[in-house]
> 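Have a look at this one.
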Amino acid sequence: MTLLEAVDISKSFGGIQALRACCVRVEEGEIVGLIGPNGSGKTSLFNVMTGYEKPDTGSVRLRDKPITGSSPRTVFGLGVGRTFQLTRIFPRLTVLENVHVAAQRPGFAAGLGRWSAAKERARVTELLDFVGLTRLQDMPAGTLSYGQKKLLEITSVLIAEPTVILLDEPAGGVNPTTITYLAGRIRELNGRGVTFLVVEHNMEFVMGLCNRVSVMHRGSTIADGPPAEIRRNPAVLDAYLGD
Ligand SMILES: Nc1ncnc2c1ncn2[C@@H]1O[C@H](COP(=O)(O)OP(=O)(O)OP(=O)(O)O)[C@@H](O)[C@H]1O
Ligand SMILES: [Mg+2]
């Protein structure tokens, strides 16, 4: 079943057309990669799919219901989590405090006050353990390594228990050990039923992790298929070499 879908999305910023009839589809249970050269529109598409930008034309559908133009809060409340290319954490708060702040975000059970304080504490503890940040939980988040900040941001998304998570360059600037660890965590979550759409320039990471890859070029999707097929698609190579 199609969980999340962007259909024929176009979006211009002034004279720049960031998205041109762009289509991306994520089936329930998949890990889909979204690749493409710099400026091809990947982040713009994420922004449209999560309510941060309104498309000029086209529609975004969640479980076949239109959510086009909905606010980020509404989209988030429907179980769509996302991270940002530039990590959004509170550097002066501790790791633990960051996740508790994230739990207050309106739109899901904890943020609507449906979780008791004890339940929230238990979930935060469990999640920090899951991402391996327990021993750093009392450190100011600003002192973490880049990769650890990315893990913390993902934790702050996971606390809402989203059904689908959009990751914008989770491995960018992260050391190889943490990248491997991160891929393992994503696989584990996927095994528990979480669906992923992942933007990433690290090809080894994308090709090893995703069961399907969509390729963007100049605002449009130019290819879509299993990693092995995408690797030998000449149009994909041209898109990268041409830019
Ligand atoms: N808010 C904005 N205002 C003006 N132009 C924008 C805005 N957001 C994106 N763009 C432009 O839209 C195009 C697509 O940018 P986008 O950030 O979506 O690409 P990307 O594929 O995420 O690139 P990268 O791999 O470098 O992150 C670029 O030309 C960019 O400059
Ligand atoms: Mg981007």
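Hydrogens, waters and symmetry mates play no part in the numbers below; they use all other heavy atoms, side chains included. Atoms within each ligand, like the ligands themselves, are counted from 1 in listed order.
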> Same cluster or not: are Val99 and Ile165 linked, directly or through other Ile, Leu, Val, Met, Phe, Trp or Tyr residues, by side-chain heavy atoms under 4.5 angstrom apart?
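Yes, because Val99 and Ile165 connect within a single hydrophobic cluster, where side-chain heavy atoms sit under 4.5 Å apart.
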
> Just to check, does His201 reach to within less than 4.0 Å of ligand 1 when the distance is taken from its heavy atoms?
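Within the 4.0 Å threshold, so yes.
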
> For atom 24 (P) of ligand 1, what is the nearest protein heavy atom, given as residue, atom name and distance?
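For atom 24 (P) of ligand 1, the nearest protein heavy atom is Asn38 ND2, 3.6 Å.
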
> Regarding Lys42 and Glu169, does a basic nitrogen lie under 4.0 Å from an acidic carboxylate oxygen?
no

> Could you say whether the N/O atoms of Ile16 and ligand 1 ever approach to under 3.5 Å?
no

> Evaluate side-chain hydrogen bond (donor to acceptor under 3.5 Å, both in side chains) for Arg82 paired with Asn47, printing each intermediate quantity in order.
CA-CA 10 Å; Arg82 76 168 287 186; Asn47 288 340; 2.7 Å; yes

> Examine ligand 1 and decide if any of its atoms is less than 4.0 Å from a heavy atom belonging to Gly41.
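Checking ligand 1 against Gly41, which is what was asked, there is a heavy-atom contact under 4.0 Å.
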
> Could you tell me whether the side chains of Ser145 and Gln148 share a donor-acceptor contact shorter than 3.5 Å?
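Short answer, yes.
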
> Quick one: which ligand 1 atoms are inside 4.0 Å of a heavy atom on Ser40?
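The atoms of ligand 1 under 4.0 Å from a heavy atom of Ser40 are 19 (O), 21 (O).
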
> Mind checking whether the Mg ion (ligand 2) has an N, O or S of Gln85 under 2.8 Å?
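Here the distance criterion (N, O or S atom, under 2.8 Å) is met by Gln85, so yes.
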
> Distance to 0.1 Å, residue and atom name: give those for the protein heavy atom nearest to atom 12 (O) of ligand 1.
Ala18 CB, 3.3 Å

> Out of Leu34, Ile35, Thr43, indicate the one that has the non-hydrogen atom closest to atom 22 (O) of ligand 1.
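When every heavy atom of Leu34, Ile35, Thr43 is considered, Thr43 comes closest to atom 22 (O) of ligand 1.
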
> To the nearest 0.1 Å, how far is atom 18 (O) of ligand 1 from its closest protein heavy atom, and which atom is that?
Ser44 OG, 2.6 Å

> Distance only, no hydrogens: is a donor on one side chain within 3.5 Å (strictly under) of an acceptor on the other, for Ser10 and Asp56?
no

> Under a 3.5 Å cutoff, is there a donor and acceptor pairing between the side chains of Gln85 and Thr43?
yes

> Would you mind checking if Arg192 and Glu188 are paired as a salt bridge, meaning a charged N to carboxylate O distance below 4.0 Å?
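Salt bridge flag = yes for Arg192 with Glu188.
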
> Which atoms from ligand 1 have a heavy atom of Glu169 less than 4.0 Å away?
25 (O), 27 (O)

> Of His217, Gln85, Lys11, which has the heavy atom at the shortest distance from atom 27 (O) of ligand 1?
Gln85

> Please round to the nearest 0.5 Å and tell me the distance separating atom CZ of Arg212 and atom CG of Leu34.
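The CG atom of Leu34 is 10.5 Å from CZ of Arg212, to the nearest 0.5 Å.
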
> Just by distance, with hydrogens left out, do Thr195 and Glu30 show a side-chain donor and acceptor under 3.5 Å apart?
no

> Looking at atom 31 (O) of ligand 1, would you say a protein heavy atom lies below 4.0 Å from it?
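No; the ligand atom in question lacks any protein heavy-atom contact below 4.0 Å.
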
> Can you see whether Glu120 engages Gln104 through a side-chain donor-acceptor pair at a distance of less than 3.5 angstrom?
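Yes.
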
> From Ser44, does some N, O or S atom reach closer than 2.8 Å to the Mg ion (ligand 2)?
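No N, O or S atom of Ser44 is closer than 2.8 Å to the Mg ion (ligand 2), so no.
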
> What protein heavy atom is closest to atom 14 (C) of ligand 1, reported as residue, atom name and distance in Å?
Gly39 O, 3.4 Å

> Any N or O of Phe13 that comes nearer than 3.5 Å to an N or O of ligand 1?
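No; every N/O pair is 3.5 Å or more apart.
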
> Evaluate the 4.0 Å heavy atom contact test for atom 9 (C) of ligand 1: does a protein atom fall under the cut-off?
yes

